[in-house]
Amino acid sequence: MQPGGNSPEGLKASDVDPRVVFHQGIPSVGAKFAYDPIQKILALSTKDGRIKLYGKDNAQAMLDSSENLPSKFLQVWDIEKKLLSDVYVAKAEITSFAVIQHSLYMYIGHFNGNISVLKLDQDPLHIVKTKYTIPFSASYGNSEVPDDTTVMHILPQPAAESKRVLIIFRNGQIILWDIQESRTIFRTGGNILQPLHNSETKKVTSACWSCPFGSKVVVGYNNGEIFIWSIPSLNIGNGSSASEYYSSQSTPLLKLNLGYKSEKISIGSIKWLYAGGKASRLYVMGASDYASSNLLQVVLLNEHTESRTIKLGLLLSECCVDMEIISTSTEQGKQHKQDSFLLLGKSGHVYLYDDTSIERYLLQCQSKSTPSLPKDVIAKLPLADSNITTSKFISNNSNVFYSEDESENDFSLSGIPLTTLYFDISSPLLVTGDQNGTVRIFRFKPEPYATNIFSGSKKGIDHIIQSVKIVKINGAVTSVNIDHSSTRLAVGSDQGHVSVFNMDGLTLSYQKHIASEIAAGITSLQFLTCSLHGFDKNILAVGTKDSSVLALDNETGNTMSTGTVQPKKPSKALFVQVVDGQGEQLTGSVTKDGFDLNEVHNIENATTKQLSILLCSEKALYVYSLVHAIQGVKKVLHKKKFHSSSCCWASTFYGPSGVGLVLLFTDGRVELRSLPELSLIVETSIRGFNYSPPKSKSFSDWQICSSSKGDIVLVNGDQEILAVSVLVQRSIFRILDSVNCIYTKEMMLSQEELIPAAVIHKEKKKGIFSSFSVSKEKHVPPMETEDSRESIRELSVIFSKENFPCDADDNDNLTIGEDEVELNIDDIDLDDHVEKRKDHGILGLGAINKKKLTGKFNALKGRLKEMKGNIQKTSVKEEQQEEQPATVDQIKKRYGFSSSSNETSVAKMAESKLQENLKKLQGINLRTTEMQDTAKSFSSMANQVLRTAEQQQDKRS
């Protein structure tokens, strides 16, 4: 929000605080789903930085972020307080994110291939970066660095989340990382044998586990392929240590042919649901700009998958951007049962499927029966079936009326869209106008006969209405006003007709047609009594769609002048209002949103010289002198043009120190200005608001209305409702606080309840989705479950230590000499002890010889690779020798210890020494790679400087 300036006499910046105080429905720019099965909270993020939360009992809340740039930060929200607690700003773009279940730790992956581990401290809520990291050079290995190192997915391995994590890069590489040992223990992916610089190499777009204990992962690619890869699991096989089965593979376990590749449709999202036995299934969503029957498919994945593929294609009306599966089961320890399958369309609509019907369809297909196709339901606001075409904010009334039942008599509106509403508190009466030109006047029963007439009732509205009168005009009704002093009703139409009726018998007093060469239509009608040439004159001020302003004689309907007041470059008029010298609205009755009579000045309290006309169009604001406008003379008192975007709605409101004007623009920008000088007080915006002008004979999706106190309600079709409060400490919407209650403390589970119960699976040999095949059933290992509390304690210790001591941001700890470097792995110190020195000269390079520096870097890198290979070979030999009986003296001799040392302590020290050397070597390799990149960057800059100098020299010559 940007503050403007204060008016010398009028509305001040301290009077206003524009903000969205309530949101109901589905935001129009949804991007991603997330679901919490414990609290039963569904989150929907938007492209503009908001997060919509849906809880039990139709509870809803909106979290509005001050930052809406993607991928640059990580936010922590307090859901109970609905406040932003912390923001973690990342140096590199965040491309993936994963939370370790039952803990406060999380992974974030970056586009450069590095992974950081963060911790959420609870008092107060803020994110802390741990010392544990997974550098790209350590996880990816010694292979040539690819062009695309982006981390696409981070998947902690089920039932071993504190021990292993699966890392999937965009180029297809799949790495299984051992958290305790800080090294890669398994590698696969399929792109190993493909050229690294091949532009047609497929890229990973989505992935998920397809096994409850993490032995299979499904990966989708941008070329439409779907592969299932086998991953080593602690719960399958003989339970051997990671070092014993370290391997790599280049072929997938299974390729799913669902037609995406032939249609060149990228895989947008994949989700797997374990339902036990034959009901486990995979949901696949294609990423395409065109809807088709193959865009969303559900496939059964079980032991019979190899023989026959059972799938269901859901025909969508539009392309979707995300999907989610929601469960309503609350009993712990029982099989998880998902009830709803949600799809998020590009238009912002949410489509719901009964997931049990999807399961039933797939299972019936196996029996070769003919099941019925599941049907979707579009999530909408709980409103009437018809669309909203006009709205009115009625306030300052002790009896707020509504009715949920329709009446089957003459009071019904026959389905014709309403275009205008007018409500008079003092009568009370309601005037409606529709698209066919029909005007209905509903007069309600007066109190005390209608004490409860404004509450919902099963009796409908018959018992609250005293009478209904109907008149007909030419064209759709666009404006209505009533003059109580003369008991006249004025009605304007979109064809430029002004019709004035006598309220007693609804007889037509006169009708005036106001022609226009640009756009016909009446925007505003206002009855006034003003002094002109020493005489009081009753007039009807008329504002037209083409931004013209004129006055009619209230008695005869004749124009008060031969001409009209109009801007040189007229545009569509949105709002026309007669105000006095202080910006106050002038009227003798309630004409706008339920203004109280004591809040406005009647015409008798103002002189003609003070009166002015406020005109707001799509392109500009004008304040004209009323006395001149009545005579057809244009005298502009104040003017303001709009440049960045067009205005789509305007209204006035009352503040503590004056009257203000609120302007809403098509891009969601909001301006608050003082009257009558039009000074800017505050500028802000409403996220999610994007106005598109309606087509001919149609209505805008957005309907907007406001009260005299600056309470604004915006309705976006049947999708969402927003309430905006303009004034400071305005609490009219506090009654809606209970609707925003999403978080329930009583639903928080204890640590014991969070620990998943052991799941025992029957072992079958056939099919890729049967459990892991073994030669004998008696050797099948039981399902291993982690002790969550013990695992979290172990993780806390591991993540609190620096697993790669080398500081990636410092390149000064290795010194390059003129002579050949002799390195001893045990003599390398990776810590920094020398203060950085600032070099001088061109580009800060001093007198560095780039050829010599590059050569030294290459020599050092070659030597380090050779040393690393020797150490790896040595470590392999050591592991092989550990399986054979070895004497104490052999171990002591190999690692240089005396023969008097204890055998157990010697082995532990030797293992520690070897691990320390390996970590040092990894750190050196990482440092060398970065130093080489720096040297290349220096070389490139030096060449650029040299070319620039040569070009300048050529120009001089």
Side-chain angles (χ1 to χ4, degrees), residues 384-392 394 401-446 449-450 453-454 457 459-514 520-527 540 542 552 554 557 589-594 697 699 703 705:
D385 293 335
S386 58
N387 295 326
I388 297 176
T389 56
T390 186
S391 57
K392 199 73 163 180
I394 302 173
F401 71 92
Y402 67 94
S403 178
E404 298 180 353
D405 301 285
E406 296 182 358
S407 178
E408 301 297 335
N409 53 22
D410 293 338
F411 300 157
S412 62
L413 303 180
S414 304
I416 305 301
L418 292 181
T419 54
T420 301
L421 293 173
Y422 174 93
F423 183 69
D424 184 5
I425 295 177
S426 59
S427 299
L429 59 81
L430 173 68
V431 181
T432 67
D434 63 25
Q435 197 171 30
N436 287 352
T438 303
V439 180
R440 290 177 173 86
I441 305 171
F442 298 86
R443 186 174 296 275
F444 298 99
K445 295 179 180 180
Y449 305 103
I453 63 173
F454 300 121
S457 172
K459 299 179 181 179
I461 61 175
D462 298 14
H463 72 293
I464 66 174
I465 296 179
Q466 178 174 309
S467 64
V468 177
K469 296 181 180 180
I470 301 176
V471 294
K472 184 80 173 180
I473 66 168
N474 295 325
V477 180
T478 57
S479 180
V480 174
N481 206 339
I482 295 177
D483 181 20
H484 286 277
S485 61
S486 62
T487 64
R488 290 179 182 269
L489 169 68
V491 182
S493 74
D494 63 346
Q495 296 182 6
H497 296 284
V498 176
S499 305
V500 178
F501 299 89
N502 190 313
M503 289 286 292
D504 295 333
L506 278 186
T507 57
L508 181 64
S509 299
Y510 59 84
Q511 188 177 65
K512 183 72 174 181
H513 181 258
I514 302 174
I522 306 300
T523 301
S524 173
L525 296 171
Q526 188 169 358
F527 290 100
L540 176 61
V542 181
L552 302 180
N554 191 15
S589 63
V590 180
T591 61
K592 181 68 179 174
D593 305 322
K697 301 297 182 180
F699 298 90
Q703 295 296 325
C705 58

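Here the CD1 atom belonging to I465 is positioned 5.5 Å from the CZ atom belonging to F444, to the nearest 0.5 angstrom. To the nearest 0.5 Å, atoms CD1 (I441) and CE (M503) are separated by 4.5 Å. Taking CD1 of I470 as the reference point, atom CZ of F442 lies at 7.5 Å (rounded to 0.5 Å). Residue T419 holds its OG1 atom at 8.0 Å from CG of D494, rounded to the nearest 0.5 Å. In this structure, CG in L540 is found 12.0 Å from NZ in K512, a value given to the nearest 0.5 Å. Going from atom CG of L429 over to atom CZ of F423 covers 8.0 Å, rounded to the nearest 0.5 Å.
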* Steps toward side-chain contact (heavy atoms from CB on, under 4.5 Å) verdict (K469, L489) -> CA-CA 12 Å; K469 296 181 180 180; L489 169 68; over 6 Å; no
* Asked: Would T507 and F501 satisfy side-chain contact (heavy atoms from CB on, under 4.5 Å), going step by step from the backbone distance to the final call?
  -> CA-CA 5 Å; T507 57; F501 299 89; over 6 Å; no
* Tell me, with the steps shown, if N554 and D483 meet side-chain contact (heavy atoms from CB on, under 4.5 Å). => CA-CA 10 Å; N554 191 15; D483 181 20; 3.5 Å; yes
* To do: Please lay out, stage by stage, how V431 and V491 fare under the test side-chain contact (heavy atoms from CB on, under 4.5 Å).
  => CA-CA 10 Å; V431 181; V491 182; over 6 Å; no
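Residues I482 and Y422 share a closest heavy-atom pair of CD1-CE2, 3.6 Å. Q435 approaches I416 most closely through the heavy-atom pair N-CG2, 3.9 Å.
Within the 3.5 Å criterion, the main-chain N or O of T438 finds no donor-acceptor partner in the side chain of N436. In this structure a side-chain-to-backbone donor-acceptor pair under 3.5 Å is present from T478 to I522.
Looking only at side-chain heavy atoms (C-beta outward), T487 and N502 come within less than 4.5 Å of each other.
Side-chain atoms of H484 and D424 include a donor-acceptor pair closer than 3.5 Å.
By the side-chain contact (heavy atoms from CB on, under 4.5 Å) test, S493 is found to be paired with I473, Q495, H497, residues two or more places apart in sequence or in another chain being considered.
A side chain to side chain contact (heavy atoms under 4.5 Å, CB included) with L552 is found for one member of L525, V542, V500 and no other, namely V542.
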